[in-house]
Each structure stands twice: as structure tokens, then as C-alpha cells.
Amino acid sequence: MWDPYGEFESTTLPNGLKVYATHWPERPWEAIGFVVHSGAEQDPVGLEGVAHFVEHLFCQNATMSEKEISAFFRDCGGSVKLGTTSHGATKYYFFIPADREVLTEAFSLFGHMLLSEKLEKFVERERQVIIGEFHRSYPVKFSLDLDVRRTKALYSDHWLGRYVTPLGNLESVSKIAQSDLQTYYDTHYTPTNISVVGVGGLQLSELAEILSESPLAVNKKGARTPLPLRSTKINPPREIRHVFEYSKHMSMTTPVEVGAYLSTAVLPGNVNTAVRILNLMLDEILDDEVRQERAWAYDIHCSWHDFRHFHEFVIGCGAVSLNGIDTIEDVVETCVASLTDREDLFEKHRRREIANNLMIDPRGHGVCEAATDDLADCNRIISLTEYGRDMEALKMSDIRNMLKWIHPEQRWTLIKKP
């Protein structure tokens, strides 16, 4: 089996910058990713949104304009992604010819932006852009109120209870000063807190040599943000159920003809492999019962997100027939309870996942981005071989042990009705 994630080599530059590379011979390109190992989780209390705000200013104070930066990469056939902020990390990418001269210019540009910026220009302009981004995510107030209610119910004693999005909130974004942005940048945008990933035609030694001659080799004091400890104990939500009626919150010229169902559980942080199979098992059962048997919805599905401390597991159906909105909770609970005895379903999906793991055929872009995700979550790159071993070792008892975390009293459930 070809395992592109198992072929990464790494080295550390004298200033603490960690470099990972996998060499794909004769590729004329190089996919590069940068991981700043800090994100919204490191926002100061009351200044939620600082990490995302810094990402906005990342290219606004460079020697080239954002338009010129994009043109540089596009003119040589490549592309650039000038930032995405999650709770645990901030990431930047570019895709470029594996040509030393072009790479030297690209690393010079990114080195200045990552390590030597003075975030002085366009602060107020980008503040307004971020406020607009927030309003785009929450065009109506009740949508924000519901997300806040959900977050407070599930994470009231945790850092995640401070906001519903890495954007922060309107109050905190309005209070962030230029000095707050510079302090965050100077603290977290340091060589020891950044990892560089390269996939393509360059060997690790070649990539490290070009980096060592670029502004990314500058000495700047700092420390790596430590990985959080993964939680093994989860407190039940402060509220387990909320019914929202559209007619009480908005005037409607035409009646709402569907409802919605959303139910969220918090799982321990050490269930990465098992949660994938749980997701697949419950997806199949819910589809059988809600769509195929009753035709209440076009789609009902599960999803999960790794917050590193813990996992968030969601059962969602954005449009439920009014014929089923009053009884969908009972059907979901029956489906969840039935998982205990579905060892056949467990073996089927575990076997499929193992087979799929052997069929991975990723592009350079994908390997680079998946590797940066691993570094953000685990501070290391997870090979397909390791993932396959973990999947082989998974037992039905692991699924049964996890089911206690998605009992009704462990979930926050939202029902939307006309």
C-alpha cells in the first residue's frame, strides 16, 4: 500500500521552525502549508476573535498588496490561500512550481508576513469586513441566539462556551485594539510555534536549505502552544431540549411548511477511530428509518468535529416533514438504542473503512492539507498504516462504551416548528 503520510521526513531549523516534507520525484510543483499552532482557543477573554482578526491582517500589511500576492502565484500557474482560522490553529497555503528562484521569492514573502509584520494598516477596514462576515453567518438574530443557547448548554464551563465561531462576536470584535492584534501576533507567530509542510518535487534537504536562506529563518522568541489534554469525563448539558417556534420570533406572510431537528453530544477526546464508525452506523440506521421508511426528510445525517479536548457529535435534519416533527425524537432514540446489538453493522462499516484506507489516491494538495490538519490536532502526521492498525484493533465494545455519551440526557436537542 502506498502511504504518502508515512513518507514524511522532518527537520528543525536553528530558530525552532519545524519542517516536514515528502518527496514525490519528478513532480514539477510543490504544495506548501504553514500551521501556526494557535487559534481562537488562544483568544484573550473578552477579546474573542483576535486570532481571526490577525489572519485578516496577515497579508494586508505586506510589501505587496493582496491582489499582487495572488497575481504572483497565479502568474506562475500556482495558487495561494491567505489564511483560515480554526479553534486550534491558523493555516496558510500555496501551490507553486518547484523552481528554486520562484520558491525563494514565495518564502521571502511569507517569511515577512509570518514573522516580521507590523499590523498597522487597514485595521478599521478589516474590522468592518469581519463584522460583515459575522452578519453573513447570522443574518437573523434568532439564529445566533439558538447557537449561543446550544453552546452555553454544552460548554458553559469551558473555553468554547465564550463564542459560537472563531470570528468572535460583535461586542468583542468592536473592542479589539491594534495593540491587542500586535501582541497576539508577536506572541504566537514565532518560528517555534509554526510548522511548514512541503509535498512535491523537493527533497527535505532542498526545502530546508531554501527556508534557511529566507526570512523564515529569522530568530524570534516564542514557544509552541501546548496540545490540550484530551478529556475523558464529560459533564451533561445544562439544558437538554429546546423547542423553537418560528411564528413567535418572526412575522411570516407564508407559513413555514417544515420543521428541523438538531441534536448535539460531547464525546471524550480519545475516541477518534470509534467515532468514525459510530457516525457511519447511525447514518445508515437513521436513513433507513427517517427517509426510506417514513419519507419525513430528504436527508438526515450525523457529523463530528474534533476540538482536541473532546469531540462534538451531531445528528441533524434541516428539513423535517410536519408529519414527523412531533415524533422524530422518539424515532432517533430508537435508532440510537438499536446500535447496541448491531455488531453486523459495526463489522460491515469497519471492513469498508479498512478497505477504503487501502484505496487512498490523494493529490499533492490533499496530502499537504491533511498533514497540516494532523499537525494542528496532534503535533504529528498520522500515517495511513497507523490509521489502518487502529481500525483493525477497534471492537464492538468500543462502540457500546461510547453510546453512553449520546443518550438523550447527554445531548442538547433543538426542535424547530412553525
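Screening L114, D186, N15, T192 against K220 for a side-chain contact (heavy atoms from CB on, under 4.5 Å) leaves a single residue, D186. With respect to Q60, the side-chain contact (heavy atoms from CB on, under 4.5 Å) criterion is satisfied by exactly one of R125, K121, E117: R125.
Using a 4.0 Å cut-off between a side-chain N of Lys or Arg and a carboxylate O of Asp or Glu, R389 and E386 do not qualify as a salt bridge. A salt bridge does not link E329 with R411: none of the charged nitrogens is closer than 4.0 Å to a carboxylate oxygen.
Note: H311 and W304 have tilted aromatic rings, judged against thresholds of 30 and 60 degrees for the angle between ring planes. Between F95 and W29, the angle of the ring planes lies from 30° to 60°, which puts this pair in the tilted group. Taking the six-membered ring where the residue is Trp, F307 and W159 present perpendicular rings, their angle passing 60° and hence far from 30°. Ring-plane geometry between F110 and F58 is classed as tilted, the angle between the planes lying from 30 to 60 degrees on a 0 to 90 degree scale. Between Y184 and H188, the angle of the ring planes lies from 30° to 60°, which puts this pair in the tilted group.
Put simply, the side chain of P268 reaches to within 4.5 Å of the side chain of I234, judged on heavy atoms. At a threshold of 4.5 Å between non-hydrogen side-chain atoms, the residues L375 and H37 count as touching. By the 4.5 Å heavy-atom criterion applied to side chains, F122 and C59 are not counted as neighbours. When side chains are defined from C-beta on, Y92 does not count as touching I194, because their heavy atoms never get closer than 4.5 Å. The shortest distance between side-chain heavy atoms of L339 and L282 falls below 4.5 Å. In this structure the side chain of R238 reaches within 4.5 angstrom of the side chain of D157, judged on heavy atoms.
Side-chain polar atoms of Y138 and T165 form no donor-acceptor pair below 3.5 angstrom. A donor atom on one side chain and an acceptor atom on the other are not found under 3.5 Å apart for N193 and T190. Counting only N and O atoms by type, the side chains of D43 and Y163 include no donor and acceptor under 3.5 Å apart. Under 3.5 Å, the side chains of T90 and E55 contain no donor-acceptor pair of N or O atoms.
Summarising the local packing, CD of E9 is surrounded by 12 or fewer heavy atoms from other residues, nucleotides or ligands at distances under 6.0 Å.
Taking the six-membered ring where the residue is Trp, the centroids of F94 and F107 are separated by under 6.0 Å.
Atom CG of L262 is separated from atom OG1 of T413 by 8.0 Å, given to the nearest 0.5 angstrom. Between atom CG of residue L280 and atom CZ of residue R350 there is a gap of 13.0 Å, rounded to the nearest 0.5 Å.
Of the possible donor and acceptor atoms, one in the side chain of E30 sits under 3.5 Å from a partner among the backbone N and O of G201.
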